[in-house]
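Below, all heavy atoms of this structure are taken into account, side chains as well, without hydrogens, waters or symmetry copies.
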Amino acid sequence: MPVEREALGLLLKVLSEHTPGVLEDLNRIGHLARATALAMGMPEAEAERVEIAGRLHDVGKLAIPDSILTKPGPLDGREW
């Protein structure tokens with residue numbers, strides 16, 4: 001799992017540079033996702049995967065232009 005951890009760290013670094021302040025939120029969501037998985041009785045290995053998924057749930061924002069992510073109103077047909 002060292003390669004996966006390294007890849008996770010790299011993705012989180014890129015997300016953090018793209019959206020300052022997001023790292024704390026992603027870590028919090030990952031922690032809550034793991035705690036929920038364990039409370040549901042999932043095995044530790046599965047709970048770890050759930051935590052990673054929680055921490056990466058915003059990775060798709062890297063592919064969306066900032067003008068769309070920060071737009072205050074609804075998207076128009078061209079932006080969809």
Side-chain angles (χ1 to χ4, degrees):
M1 191 102 128
V3 173
E4 289 89 353
R5 285 283 175 195
E6 188 175 329
L8 172 64
L10 195 59
L11 282 170
L12 290 174
K13 181 180 181 202
V14 171
L15 275 168
S16 180
E17 290 172 358
H18 182 265
T19 311
V22 76
L23 194 55
E24 295 80 14
D25 287 338
L26 296 176
N27 287 333
R28 181 179 49 80
I29 290 167
H31 175 75
L32 291 171
R34 178 189 189 99
T36 301
L38 291 172
M40 293 173 56
M42 288 185 181
E44 181 65 34
E46 187 69 17
E48 184 175 347
R49 286 191 290 274
V50 170
E51 176 182 2
I52 291 169
R55 293 176 75 191
L56 292 176
H57 79 277
D58 274 346
V59 74
K61 287 183 177 181
L62 293 173
I64 299 172
D66 288 337
S67 61
I68 290 177
L69 288 175
T70 59
K71 184 176 179 178
L75 301 178
D76 61 34
R78 186 175 38 93
E79 294 165 328
W80 271 101

Task: Donor-acceptor contact below 3.5 Å, side chain K71 vs main chain P74 - done: yes
- [ ] Any chance you could measure I52, atom CD1, to L26, atom CG, to the nearest 0.5 Å?
- [x] 13.0 Å
Task: Gap separating the CG atom of L32 from the CG atom of N27, nearest 0.5 angstrom - done: 11.0 Å
- [ ] Take T36 and M42, measure what side chain to side chain contact (heavy atoms under 4.5 Å, CB included) needs, and give me the verdict at the end.
- [x] CA-CA 9 Å; T36 301; M42 288 185 181; over 6 Å; no
Open item on the list: With a sphere of 6.0 Å drawn around NE2 of H18, does it hold more than 12 non-hydrogen atoms of other residues, nucleotides or ligands?
Closed with: yes
Open item on the list: Determine whether a donor-acceptor pair (N or O, by modelled atom type, separation under 3.5 Å) exists between the side chain of E17 and the backbone of V14.
Closed with: no
Open item on the list: If I take atom CD from residue E48 and atom CZ from residue R5, how far apart are they, to the nearest 0.5 angstrom?
Closed with: 4.5 Å
Open item on the list: What I'd like to find out is whether the side chain of V22 reaches to under 4.5 Å of the side chain of K61, using heavy atoms alone.
Closed with: no
Open item on the list: To the closest 0.5 Å, what do you measure between CD (E46) and CD (E51)?
Closed with: 12.5 Å
Open item on the list: To the nearest 0.5 Å, what is the distance between CG on D58 and CG on D25?
Closed with: 8.5 Å
TODO: Check for a donor-acceptor pair, side chain of S16 on one end and backbone N or O of L12 on the other, with a separation under 3.5 Å.
DONE: no
Open item on the list: Quick check: do L23 and K13 have side-chain heavy atoms less than 4.5 Å from each other?
Closed with: no
Open item on the list: Is any side-chain heavy atom of I29 closer than 4.5 Å to one of R55?
Closed with: no
